[in-house]
Structure formats: structure tokens, C-alpha cells
Amino acid sequence: MNFFERVYQIVRKVPAGKVTTYGAIARSLGTKDARRVGQALHANPDEGEVPCHRVVDKDGRLAPNFAFSTKGRSAFGGDGWQEQRRRLLAEGVKFRDVIHVDLSKHLWKLE
DNA sequence: CCGATGACGCGCC
DNA sequence: GGGCGCGCCATCG
């Protein structure tokens, strides 16, 4: 099982209304390279199976260039984080401000 | 082959 | 707090 698959496996376990962070995932995989986790999600093969909008950075900030590039291009241009925010709000996630998730209430602890 | 890049994070100023 | 530099390492040009 490669790195990407392991990232997806973890993200799939995050329940609706909860979020996790790139760094937390990286550490649970035994690496400090959070950037590679981001790469994996950017190459996310199927949003339906991997709820990548539930992954934020360590400050709860949404991905500035969040986008589904699975088909080779981003579907939301440079404002993908807006789509990410909508999805989280729809799941009941609260925000500290327009782009920061309230981690103290929604951070999901990895197994 | 090599340098630049990036859905990140942390330490310093 | 905002901005900058560096480490990280697979990919890309």
C-alpha cells in the first residue's frame, strides 16, 4: 500500500462534522512531510470516497487552492476554499471566521 | 540531471 | 499578529 492510499484510508474515517489536519495525518504515517499529504489529496481520485474537504491545515485554515484536479484541472479556479467552506458548513462545522474552522470543537483525533 | 514547485509546519523577528 | 526562511520530498519542466 503506497503513501497516497494510506492518506485516503485515514481521511475516509473522518466523520461528517469533523475535520483533521495535514500534519496530524503525516505524523500518524510516520513522516513530518505534511506537504506530501497535500499532494495526495490534490491528486484525489474520487471525492465521493475521500472527503478531502474535511482536511485543513494546523490553524484550521482551509486550503487556499482547494480544488478537484482529479480530471487534470481544478474545478473551482483559485477560489476552491469557498466550496470547501460550504461543504463543511453543510455538515454543521463552525467557523472562527470566514476561512478558519473552529478546531477546538471539530478536530478529529486520529486513531 | 537539476532546479523550481507545492492542498504544510515551525521557528524567528 | 503578519511576514520570512528553512526543512520536508515526490513531481515536474
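Chain identifiers are assigned alphabetically (A, B, ...) following the order of the sequence lines, protein sequences preceding nucleic acid strands; residue numbering begins at 1 within each chain.
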Asker: Base, sugar-phosphate or nothing for A:Ala63? Non-hydrogen atoms, less than 4.0 Å.
Answerer: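 Counting heavy atoms under 4.0 Å across all strands, the contact made by A:Ala63 includes a base.
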Asker: Report yes if the side chains of A:Trp108 and A:Ile10 come closer than 4.5 Å at any heavy-atom pair, otherwise no.
Answerer: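 No; the side chains remain at least 4.5 Å from each other.
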Asker: Write down the distance between CZ (A:Phe3) and P (B:dC8), rounded to a whole number of angstrom.
Answerer: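 These atoms are roughly 13 Å apart.
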Asker: In whole Å, I'd like the distance from the CD1 atom of A:Ile99 to the P atom of C:dG2.
Answerer: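 Nearest whole value for this atom pair: 13 Å.
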Asker: Kindly point out which of B:dG9, B:dG6, B:dA7 is positioned nearest to the side chain of A:His42?
Answerer: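 Nearest listed nucleotide: B:dA7.
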Asker: Let me confirm one number: the CZ-CZ distance from A:Phe4 to A:Arg36, rounded to the nearest 0.5 Å.
Answerer: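 One gets 7.0 Å once the value is rounded to the nearest 0.5 Å.
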Asker: Once you round it to whole Å, what is the distance between C1' of C:dA10 and CG of A:Asn2?
Answerer: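 After rounding, the gap between these two atoms is 12 Å.
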Asker: Go through the N and O atoms of the side chain of A:Arg27 and the base of B:dG9, and report whether any donor-acceptor pair is under 3.5 Å.
Answerer: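 No such pair is found, so the answer is no.
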Asker: Can you tell me the pairing partner of C:dC8 across any strand shown, Watson-Crick or G-U wobble, with both distances under 3.5 angstrom?
Answerer: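 Because no pair has both required distances under 3.5 Å, C:dC8 counts as unpaired.
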Asker: For A:Gly23 and A:Arg35, take the nucleotide of DNA chain B holding the closest heavy atom to each; which residue's nucleotide lies nearer the 5' end?
Answerer: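 Closest to the 5' end, via its nearest nucleotide, is A:Arg35.
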Asker: For the pair made of NE2 in A:His100 and P in C:dG1, what is the distance, rounded to whole Å?
Answerer: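 After rounding, the reported distance stands at 9 Å.
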Asker: Would you call A:Val93 and A:Arg54 a side-chain contact if the rule is heavy atoms closer than 4.5 Å?
Answerer: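 A:Val93 does not reach A:Arg54 side chain to side chain.
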Asker: Atom CG of A:Leu62 and atom C1' of B:dC8: how far apart are they, to the nearest Å?
Answerer: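 It works out to 14 Å between those atoms.
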Asker: Backbone N or O of A:Pro15 within a donor-acceptor pair of the A:Glu91 side chain at under 3.5 Å?
Answerer: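 No, the answer is negative, given that no donor and acceptor are paired below the 3.5 Å cut-off.
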Asker: Once you round it to whole Å, what is the distance between C1' of B:dC8 and CG of A:Leu103?
Answerer: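 These atoms are roughly 14 Å apart.
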Asker: Quick one: A:Ile25 CD1 to B:dG9 C1', roughly how many Å, whole number?
Answerer: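 So the CD1-C1' distance, A:Ile25 to B:dG9, works out to 14 Å.
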Asker: Rounded to whole Å, please give me the gap between CZ in A:Arg36 and C1' in B:dG9.
Answerer: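 Distance check: A:Arg36 CZ to B:dG9 C1' gives 16 Å.
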Asker: Nearest to the side chain of A:Gln39 - B:dG9, C:dC8, C:dA10?
Answerer: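 Out of B:dG9, C:dC8, C:dA10, the nucleotide with an atom closest to A:Gln39's side chain is C:dA10.
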Asker: Closer than 3.5 angstrom, by distance alone: can the side chain of A:His53 be matched with the main-chain N or O of A:Leu88 as a donor-acceptor pair?
Answerer: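 Pair absent, no side-chain N/O of A:His53 close to backbone of A:Leu88.
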